[in-house]
Asker: 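Dropping a structure here in structure tokens format, bear with me for questions.
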Amino acid sequence: MDSRIALRKTKHVVIKIGSSILMKKSGAFSVPFFRSLAKQIASLMERNLLVTLVSSGAIAGGMHRLNVKKRPHLIPEKQALAACGQTALMHTYEKVFGRFGIHVAQILLTRGDLEEKRRYLNARQAIFELLRLKVLPIINENDTVAVDEIQVGDNDNLSALVTNLIEADLLILLTNINGVYTADPKLKQNAKLLRVIADIDEAVHRFASDTKTATSIGGMITKLQAAEMTSHFGIPTVIAKGSKKNIILDILNGKECGTLVLAK
Ligand code: GLU
């Protein structure tokens, strides 16, 4: 069967939302984006699809709340901003999903939760129970306690680990670019969007590291790491532009959007 059409059979999807699409230029949360996300997810939940969100935005939300203009480098500063911004983030999610009668739940994980068997199983059970209760789990890294040694470090890799943890059958990485290109589309006119990647080989990694715009620094690199990981777990990934209208519904309807990385 066509691999896009096969996505229509998805039963449990993990959707990862990057900070770049959650925030407006002013640094505030983009409420229209949150609303469109909630509308799409509500329609999936109505169809009894299981949905788990992995959302960034804690540090960015903290910066806005405390009027910090430049992203700090020092760990305690980042930890404090994340602690403050995470509540703002969840408050916004609560509001937009509340309109659809959907309860949300916050789960903050560190690397250790995913590496140590007992904690891994506990996290997994908690998420399954939330799904059974039809609550939307919203996961982020626990940035306030996660210093270098115990950090996953980015939510792309975290979402791949979560996809495996709960045995979802699709990972969607929503970002601010249409997918994976052969070069930086802002710098090279002939850059082509890759519709399907069967194998994340060196060439694909090279394309990603060629992408140096402000919007995708490191961004595509960690996305490909995540997609490579899920592919090895036997799960496909779609990397697509989050601001496109109904993007999640289109992906799950098997439409050709973004880049599909096939499962191994
Ligand atoms: N956990 C970080 C935050 O919520 C974001 C990490 C990432 O975007 O990869 O601010």
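All values derive from a computational prediction rather than experimental measurement. Side chains included, hydrogens not; waters and symmetry mates left out as well; all remaining heavy atoms used. Ligands are counted one by one from 1 in listed order, and the atoms in each one are counted from 1 as well.
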Asker: Please, which pairs that meet salt bridge (Lys or Arg N to Asp or Glu O under 4.0 Å) have at least one residue in residues 116-136, sequence neighbours excluded?
Answerer: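 Non-adjacent pairs meeting salt bridge (Lys or Arg N to Asp or Glu O under 4.0 Å): Asp113-Arg119, Glu116-Arg118, Glu116-Arg119, Arg124-Glu167, Glu129-Arg132.
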Asker: If you measure from the Lys or Arg side-chain nitrogens to the Asp or Glu carboxylate oxygens, is any gap between Asp156 and Lys16 under 4.0 Å?
Answerer: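 A salt bridge links Asp156 with Lys16.
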Asker: Less than 4.5 Å apart, side chain to side chain, heavy atoms only: is that true for Val162 and Leu109?
Answerer: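 Counting from C-beta outward, Val162 and Leu109 do come under 4.5 Å.
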Asker: Would you say that more than 12 heavy atoms from the other residues, nucleotides or ligands in this model lie under 6.0 Å from the NE2 of His103, or not?
Answerer: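 12 or below, so no.
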Asker: What does the 4.0 Å heavy-atom contact list look like for ligand 1?
Answerer: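 Around ligand 1, where the cutoff is 4.0 Å for heavy atoms, the contacting residues are Ser56, Gly57, Ala58, Ile59, Asn140, Asp143, Asp154, Asn155.
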Asker: Roughly how far, to the nearest 0.5 Å, is the CG atom of Leu252 from the CD atom of Gln40?
Answerer: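 Between Gln40 CD and Leu252 CG, I get 9.5 Å after rounding to 0.5 Å.
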Asker: Among Asp169, Thr52, Thr163, find the one that has a side chain to side chain donor-acceptor pair (under 3.5 Å) with His12.
Answerer: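 Of the listed residues Asp169, Thr52, Thr163, the side chain to side chain donor-acceptor pair (under 3.5 Å) partner of His12 is Thr52.
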